A.B. asks: 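Sharing a structure, written as structure tokens. Questions coming.
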Amino acid sequence: MAGAGMAAVGSWVPARSWGWAAVFFGPHRGLGAFLARMPPRAPRWLPACRQKTSFSLLNRPDLPSLAYKKLKGKSPGVIFIPGYLSNMNGTKALAIEEFCKSLGHAYIRFDYSGVGSSDGNLEESTVGKWRKDVLSIIDAAVARPEKVVALIGVATAADGLVTQFNQLSVELKKEIEMKGVWAMPSKYHEDGVYNIQYSFLKEAEHHCLLHSPIPVNCPIRLLHGMKDDIVPWHTSMQVADRVISKDVDVILRKQGDHQMKEKADIQLIVYTIDDLIDKLSTS
């Protein structure tokens, strides 16, 4: 699972490859000038308030339709993959869209089935179904991607819910199994808890990654806040250790929290995306 989100960068035409983005701190191709134009307290790529925009629906036989917003532009393009229960109108998703628009790159953001404007029942959602949602967006809305060539993780929550559940007492786990729902406390939900179906947790066990080598052999950049009280930053270190790729950087923000949506966090994310776009465009 993607925690606070992931951003994918890649080519949207045949004979080019897909990629996810990465991080270094030097602006490229006018990024410095773009940032310099922005007011210091309210950069255009960090929207504080934004009206709802129209979206498209990806219709799938026998599966819920997915809501997505596509910005036309040049290749390589970017896909934002939301975190758990996040939608395509979050701060990071909109900020990255503004960034891509400023440089003229294509961009897609979307909602998982059962979340936001997409069809489906959240109580019937699973990690496996959301995995299919991501693949559907890549395959249908983007047009013939060939492979992932780079990855960026933001507060990467690999095995996160399963790990937290397994750390509960035996008595509490049995109680959750009997009730069928885990009321997991969270300050990020208006009700103070996430009601997670027990069936969701059991299905998620089939998608755990940290128990064996992860067969991903592309550039990977993992961004994580050290004040993340939901997903420990050590998780990103575990992912870095497990992937077979040798081109892996873990970037820790000492004051960053789980959401990673402060101005400095957004700057880091867009610098990362910009650097990988530059790398993909020149390699």
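All residue numbers in this chain count up from 1 along the given sequence. Fair warning: this is a prediction, and the values are worked out from it, not measured in the lab.
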A.B. asks: Could you tell me whether the side chain of D159 and the main chain of V162 form a donor-acceptor pair under 3.5 Å?
C.D. replies: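 Side chain of D159 to backbone of V162, a donor-acceptor pair under 3.5 Å: no, none is there.
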A.B. asks: Measure from the side-chain N and O atoms of R109 to the backbone N and O of M88, and report whether any donor-acceptor pair falls under 3.5 Å.
C.D. replies: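 Side chain of R109 to backbone of M88, a donor-acceptor pair under 3.5 Å: yes, one is there.
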A.B. asks: For residues L122 and G114, report the shortest heavy-atom separation together with the two atoms involved.
C.D. replies: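 So the two residues come closest at CB-O, 3.5 Å.
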A.B. asks: I want to check something: taking the side chain as every heavy atom from C-beta on, are I251 and L222 in contact at a cut-off of under 4.5 Å?
C.D. replies: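 No, every pair of side-chain atoms sits at 4.5 Å or beyond.
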A.B. asks: For the residue pair E205 and K202, what are the closest heavy atoms and their distance?
C.D. replies: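 Of all heavy-atom pairs spanning E205 and K202, the closest is OE2-NZ, 3.1 Å.
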A.B. asks: Within a strict 4.5 Å, meaning less than it, do heavy atoms of the T163 and Q167 side chains meet?
C.D. replies: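 Yes, their side chains come closer than 4.5 Å.
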A.B. asks: With the side chain counted from C-beta on, respond yes when S117 and N87 share a heavy-atom pair under 4.5 Å apart, and no when they do not.
C.D. replies: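 With C-beta onward as the side chain, the pair stays apart.
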A.B. asks: For the CD atom of E98 and the CG atom of L71, what is their distance to the nearest 0.5 Å?
C.D. replies: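 E98 CD to L71 CG: 9.0 Å, rounded to 0.5 Å.
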A.B. asks: Tell me whether F200 shares a hydrophobic cluster with V193, the cluster being built from Ile, Leu, Val, Met, Phe, Trp, Tyr side chains joined at under 4.5 Å.
C.D. replies: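 As far as the 4.5 Å side-chain criterion goes, V193 and F200 are not connected within one cluster.
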A.B. asks: Backbone N or O of K132 within a donor-acceptor pair of the S136 side chain at under 3.5 Å?
C.D. replies: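 Judged by distance alone, yes, a pair lies under 3.5 Å.
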A.B. asks: Measure the shortest side-chain to side-chain distance between V250 and H224 over non-hydrogen atoms and say whether it is less than 4.5 angstrom.
C.D. replies: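 No, their side chains stay 4.5 Å or more apart.
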A.B. asks: So if you build clusters from Ile, Leu, Val, Met, Phe, Trp, Tyr with side-chain heavy-atom gaps below 4.5 Å, do I138 and L63 land together?
C.D. replies: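 Each belongs to a different hydrophobic cluster.
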A.B. asks: CZ of F80 to CD1 of I137: how many Å apart, nearest 0.5 Å?
C.D. replies: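 It is 13.5 Å, given to the nearest 0.5 Å.
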A.B. asks: How about Y107 and F99: are their ring centres within less than 6.0 Å of each other?
C.D. replies: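 No, too far apart.
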A.B. asks: Within the side chain of E203, is there an N or O that forms a donor-acceptor pair under 3.5 Å with the backbone of V127?
C.D. replies: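 Yes, because the side chain of E203 sits within donor-acceptor range (under 3.5 Å) of the backbone of V127.
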A.B. asks: What are the two closest non-hydrogen atoms of C100 and V78, and how far apart are they?
C.D. replies: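 Distance-wise, the nearest heavy atoms are SG-CG2, 3.7 Å.
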A.B. asks: Check the hydrophobic clustering (I, L, V, M, F, W, Y; side-chain heavy atoms under 4.5 Å; chains of links allowed) and say if M237 and I214 are grouped together.
C.D. replies: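 Linked within one cluster.
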A.B. asks: Any heavy-atom pair between the side chains of L168 and N166 that's under 4.5 Å?
C.D. replies: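 SC-SC contact between N166 and L168 ruled out.
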A.B. asks: Taking the side chain from W233 and the backbone from D228, do they hold a donor-acceptor pair closer than 3.5 Å?
C.D. replies: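 Not confirmed, W233 side chain does not pair with D228 backbone.
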A.B. asks: K129 side chain to E124 main-chain N or O, any donor-acceptor pair under 3.5 Å?
C.D. replies: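 Checking the backbone N and O of E124 against the side chain of K129, a donor-acceptor pair under 3.5 Å is found.
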A.B. asks: Does any part of the side chain of L66, heavy atoms only, come nearer than 4.5 Å to the side chain of L57, both counted from C-beta?
C.D. replies: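 No, side chains not in contact.
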A.B. asks: Please tell me whether F165 and W182 form a close aromatic pair, meaning their ring centres lie under 6.0 Å apart.
C.D. replies: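 That pair passes the under 6.0 Å test.
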A.B. asks: Is the backbone N or O of A67 less than 3.5 Å from a side-chain atom of S118, with the two atoms forming a donor-acceptor pair by type?
C.D. replies: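 Indeed, once roles are kept as given, a pair shorter than 3.5 Å links the two residues.
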A.B. asks: I'd like to know whether L151 forms a side-chain contact (heavy atoms from CB on, under 4.5 Å) with C218, so could you lay out the CA-CA distance, the side-chain angles of the two residues, the decisive distance to 0.1 Å, and finally the verdict.
C.D. replies: CA-CA 7 Å; L151 289 169; C218 66; 4.2 Å; yes
A.B. asks: Under the salt bridge (Lys or Arg N to Asp or Glu O under 4.0 Å) rule, collect the residues that match up with D133, sequence neighbours excluded.
C.D. replies: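 Salt bridge (Lys or Arg N to Asp or Glu O under 4.0 Å) list for D133, sorted by chain: R60.
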A.B. asks: Can you tell me how far NZ of K70 sits from OG of S56, rounded to the nearest 0.5 angstrom?
C.D. replies: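 Going from OG on S56 over to NZ on K70, the span is 9.0 Å.
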A.B. asks: Applying the side chain to side chain contact (heavy atoms under 4.5 Å, CB included) criterion to Y68, which one of I79, L58, D111 satisfies it?
C.D. replies: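 Going through I79, L58, D111 one by one, the side chain to side chain contact (heavy atoms under 4.5 Å, CB included) with Y68 is satisfied by L58 alone.
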A.B. asks: Closest approach of A240 and V248, non-hydrogen atoms and distance?
C.D. replies: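 Heavy-atom minimum between the residues: CB-CG1, 3.7 Å.
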A.B. asks: Shortest non-hydrogen contact from V216 to I244?
C.D. replies: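 Heavy atoms of V216 and I244 come nearest at O-CG1, 3.3 Å.
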A.B. asks: Stepwise, does the salt bridge (charged side-chain N to carboxylate O under 4.0 Å, His left out) test hold for K101 with E97?
C.D. replies: CA-CA 6 Å; K101 185 184 297 183; E97 180 177 76; 5.1 Å; no
A.B. asks: For the pair E171 and K174, evaluate salt bridge (charged side-chain N to carboxylate O under 4.0 Å, His left out) and give the outcome as yes or no after the intermediate values.
C.D. replies: CA-CA 5 Å; E171 293 77 12; K174 287 182 178 179; over 6 Å; no
A.B. asks: Output, in order, the C-alpha distance, side-chain angles, deciding distance and verdict of side-chain contact (heavy atoms from CB on, under 4.5 Å) for Y112 and V134.
C.D. replies: CA-CA 8 Å; Y112 293 118; V134 175; 4.0 Å; yes
A.B. asks: Just so I know, are the side chains of L268 and L223 near enough to count as touching, which here means a heavy-atom distance under 4.5 Å?
C.D. replies: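 Side chain of L268 against side chain of L223, heavy atoms only: contact under 4.5 Å found.
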A.B. asks: If you apply the rule salt bridge (charged side-chain N to carboxylate O under 4.0 Å, His left out), what do you find for D257 with K227, and how did you get there?
C.D. replies: CA-CA 5 Å; D257 62 13; K227 293 189 180 298; over 6 Å; no
A.B. asks: Could you measure the distance from the OG atom of S245 to the CD1 atom of I220? Nearest 0.5 Å is fine.
C.D. replies: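 S245 atom OG to I220 atom CD1 measures 5.0 Å (nearest 0.5 Å).
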A.B. asks: Could you tell me the separation between the CD atom of Q259 and the NZ atom of K187, rounded to the nearest 0.5 Å?
C.D. replies: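 The distance works out to 8.0 Å.
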A.B. asks: Taking a hydrophobic cluster as the set of Ile, Leu, Val, Met, Phe, Trp and Tyr residues connected by side-chain heavy atoms closer than 4.5 Å, whether directly or through intermediates, do I108 and L135 fall within one such cluster?
C.D. replies: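 Hydrophobic grouping puts I108 apart from L135.
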A.B. asks: Does a sphere of radius 6.0 Å around NZ in K173 hold more than 12 heavy atoms from other residues, nucleotides or ligands, not counting ones at 6.0 Å or beyond?
C.D. replies: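 Counting neighbours around NZ of K173, more than 12 heavy atoms of other residues, nucleotides or ligands fall under 6.0 Å, so yes.
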A.B. asks: Test K279 against D274 for salt bridge (charged side-chain N to carboxylate O under 4.0 Å, His left out), laying out the working first.
C.D. replies: CA-CA 9 Å; K279 181 174 184 175; D274 186 70; over 6 Å; no
A.B. asks: For the CD1 atom of I176 and the CD1 atom of I196, what is their distance to the nearest 0.5 Å?
C.D. replies: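 That separation rounds to 9.0 Å.
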A.B. asks: Applying side-chain contact (heavy atoms from CB on, under 4.5 Å) to V231 and T156, what does each step give before you reach the verdict?
C.D. replies: CA-CA 8 Å; V231 181; T156 301; over 6 Å; no
A.B. asks: Hey, mind stepping through R253 and M226 against side-chain contact (heavy atoms from CB on, under 4.5 Å) and telling me if it holds?
C.D. replies: CA-CA 6 Å; R253 292 197 56 77; M226 295 182 73; over 6 Å; no
A.B. asks: Using the ring-ring contact (aromatic ring centres under 6.0 Å, His included) rule, take Y194 and Y84 through it: C-alpha gap first, then chi angles, then the decisive distance, then the call.
C.D. replies: CA-CA 10 Å; Y194 283 126; Y84 179 66; 5.6 Å; yes
